Structure formats: C-alpha cells, structure tokens
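Just so you know, these numbers use all the heavy atoms, side chains as well, and skip hydrogens, waters and symmetry mates. These numbers were taken from a predicted model, which means no experiment stands behind them.
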Amino acid sequence: MNRREAREIAFKLTYEMTVTGAYNPDTRDELLEKANADCREFVDSEIAGIESHFDGIKAMIVKYAKGYDYSRIYKADLAILIISCYEIMYTDLPSAVIANEAVELAKIYSDVKSYSFINGILASVIRERESNG
C-alpha cells in the first residue's frame, strides 16, 4: 500500500469523524486490515495529529473559508481540508504534494467545483506558513 492509499484511508477516517463527531477504532481496523506497517503508522500518526491539533486546524479553515460557515462546509471537503491543513501546519511533507493530493481526493470524493475551493484555502494556509517561517 502506497502513501496515496494510506492518505485515502486517513481521509475516510477523518470523514467519519466529521460526520459522527468521534473517531471509530473499529473502522480503522477494518480499513487497515490488509495494510502494511508503514501504512498503519502513517494513518495512526495522521489521526493522532489531527486529534491533538484540531482546534488550530479548525481555526485555520475558518480563517480562510471566507463566506462559508464551518458547520456548513460539505463534509468530504471538510475532511480533505482537515487532513491537508494538519499536514501543512504540523508536518514536513512538501506543501505542493499535500495540495496535489487534496485536489486528487476532491476529484474522487467531492463535487466538481470542490477542488478549486479546497485549493484556494490550502494556498492561503501555505502562504501563511511560508511567511511565518
């Protein structure tokens, strides 16, 4: 299982969290049933990071989702934004790769226009991160 597939599993878990309001370890176990150790480690790290930095991630999304109420953002878009903002803000992963992966997830799981909405917010988050060093 490659990193893109692992990120897609992290997206599915995050999506479930946005819909239900809670992390479900049973879903994690089911999605990772055939995954290798690297994939499991990546997904677990993503989810733990999202949970521990959720308030900062949410604040960043709210800041740049101008004209959109956080609670009304399409849940698939929100899950993609949560993962991507976490990665931009709290990991060393390249921002261009994160944005590209977010757009690819949006093309699969969201509305036709969602990827430009997501890309716009992520571009603002990336600019802020780069300007703050």
Side-chain angles (χ1 to χ4, degrees):
M1 186 171 282
N2 63 33
R3 184 59 57 95
R4 178 172 279 183
E5 293 168 324
R7 185 173 281 109
E8 190 169 353
I9 290 172
F11 158 76
K12 290 176 181 179
L13 290 168
T14 304
Y15 175 78
E16 182 178 51
M17 289 168 30
T18 65
V19 171
T20 65
Y23 171 69
N24 185 339
D26 293 334
T27 302
R28 177 224 176 257
D29 293 345
E30 184 177 319
L31 290 172
L32 291 173
E33 185 176 9
K34 296 178 183 173
N36 61 32
D38 287 342
C39 179
R40 290 172 188 272
E41 184 178 319
F42 176 81
V43 170
D44 289 343
S45 175
E46 291 277 295
I47 298 303
I50 288 166
E51 288 181 318
S52 66
H53 297 289
F54 184 76
D55 291 339
I57 295 166
K58 180 180 177 182
M60 191 65 74
I61 294 169
V62 168
K63 180 177 183 177
Y64 291 114
K66 295 178 168 96
Y68 293 88
D69 182 71
Y70 180 87
S71 65
R72 304 214 17 119
I73 296 173
Y74 181 56
K75 299 302 184 207
D77 294 355
L78 188 55
I80 293 166
L81 286 167
I82 290 168
I83 289 171
S84 302
C85 286
Y86 163 72
E87 290 177 346
I88 291 166
M89 296 165 62
Y90 301 104
T91 73
D92 294 335
L93 297 171
S95 297
V97 172
I98 295 166
N100 182 58
E101 292 288 328
V103 168
E104 292 304 313
L105 282 171
K107 287 178 180 178
I108 295 168
Y109 292 102
S110 292
D111 184 74
V112 174
K113 297 178 183 179
S114 291
Y115 75 89
S116 60
F117 169 73
I118 291 167
N119 202 37
I121 292 173
L122 295 182
S124 296
V125 174
I126 290 167
R127 272 193 303 278
E128 181 173 321
R129 178 181 181 214
E130 290 173 354
S131 69
N132 291 336

Chemist: With rounding to the nearest 0.5 angstrom, report the OG1 to CD1 distance, Thr14 to Ile83.
Modeler: 3.5 Å

Chemist: If I compare all heavy atoms of Ala99 with all of Leu122, which pair ends up nearest, and what's the gap?
Modeler: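 Looks like CA-CD1, 4.2 Å.
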
Chemist: When rounded to the nearest 0.5 angstrom, what is the spacing between CD in Glu8 and CD in Glu104?
Modeler: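 Reported value, rounded in 0.5 Å steps: 11.0 Å.
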
Chemist: About how many Å separate CD1 of Ile47 and CD1 of Ile82, when rounded to the nearest 0.5 Å?
Modeler: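 The CD1 atom of Ile47 is 9.5 Å from CD1 of Ile82, to the nearest 0.5 Å.
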
Chemist: Closest heavy-atom contact between Gly56 and Met89?
Modeler: O-CE, 3.7 Å

Chemist: At what distance, to the nearest 0.5 angstrom, does NZ of Lys12 lie from CE of Met17?
Modeler: 16.0 Å

Chemist: For Tyr109 and Tyr74, which heavy atoms make the closest approach, and how far apart are they?
Modeler: O-OH, 3.8 Å

Chemist: Mind checking whether Arg4 and Asn100 have side chains closer than 4.5 Å, heavy atoms only?
Modeler: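 Yes, side chains in contact.
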
Chemist: Just wondering, more than 12 heavy atoms not from Tyr68 lying within 6.0 Å of its OH?
Modeler: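 No, OH of Tyr68 has 12 or fewer neighbouring heavy atoms, counting only those of other groups under 6.0 Å.
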
Chemist: Would you say Ile121 and Tyr115 are hydrophobically clustered, going by side-chain heavy atoms of ILVMFWY under 4.5 Å?
Modeler: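 In one cluster: no.
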
Chemist: Of the non-hydrogen atoms in Cys85 and Ile57, which two are nearest, and what is the gap between them?
Modeler: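 Looks like CB-CG2, 3.9 Å.
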
Chemist: Inspect the surroundings of CD in Glu41 and state if more than 12 heavy atoms from other residues, nucleotides or ligands are less than 6.0 Å away.
Modeler: no

Chemist: Grab the two heavy atoms, one from Ala65 and one from Ile73, that are nearest each other, plus how far apart they are.
Modeler: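 In this case the closest contact between Ala65 and Ile73 is CB-CD1, 4.1 Å.
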
Chemist: Using 0.5 Å steps for rounding, measure from the CD1 atom of Ile80 to the NZ atom of Lys107.
Modeler: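 Going from the CD1 atom of Ile80 to the NZ atom of Lys107 covers 12.0 Å.
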
Chemist: Testing Ile61, Val125, Thr18 one by one against Leu81 for a side chain to side chain contact (heavy atoms under 4.5 Å, CB included), which residue passes?
Modeler: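 The side chain to side chain contact (heavy atoms under 4.5 Å, CB included) with Leu81 is passed solely by Ile61 among Ile61, Val125, Thr18.
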
Chemist: How long is the straight-line distance from CE of Met60 back to CZ of Arg129, given to the nearest 0.5 Å?
Modeler: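 Those atoms lie 10.5 Å apart.
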
Chemist: With distance as the sole test, does Arg28 use its side chain to make a donor-acceptor pair with the main-chain N or O of Leu13 at under 3.5 Å?
Modeler: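 Here the side-chain-to-backbone pair does not exist.
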
Chemist: Measuring only between side-chain heavy atoms, which start at C-beta, is Ile126 closer than 4.5 Å to Ile98?
Modeler: no

Chemist: With a 4.5 Å cut-off on side-chain heavy-atom distances among I, L, V, M, F, W and Y, is there a chain of contacts connecting Leu93 to Ile118?
Modeler: yes

Chemist: Please determine whether residues Ile108 and Tyr15 belong to a single hydrophobic cluster, defined as Ile, Leu, Val, Met, Phe, Trp and Tyr linked transitively by side-chain heavy-atom distances below 4.5 Å.
Modeler: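 Linked within one cluster.
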
Chemist: Give a yes or no on whether Phe42 and Val97 share a hydrophobic cluster (residues Ile, Leu, Val, Met, Phe, Trp, Tyr; joining criterion: side-chain heavy atoms under 4.5 Å apart).
Modeler: no

Chemist: May I have all residue pairs that pass side chain to side chain donor-acceptor pair (under 3.5 Å) and include part of residues 76-93, sequence neighbours excluded?
Modeler: Arg7-Glu87, Asp77-Ser110, Asp77-Ser114

Chemist: Run the salt bridge (charged side-chain N to carboxylate O under 4.0 Å, His left out) check on Lys63 and Glu128 step by step: do they pass?
Modeler: CA-CA 11 Å; Lys63 180 177 183 177; Glu128 181 173 321; 2.8 Å; yes

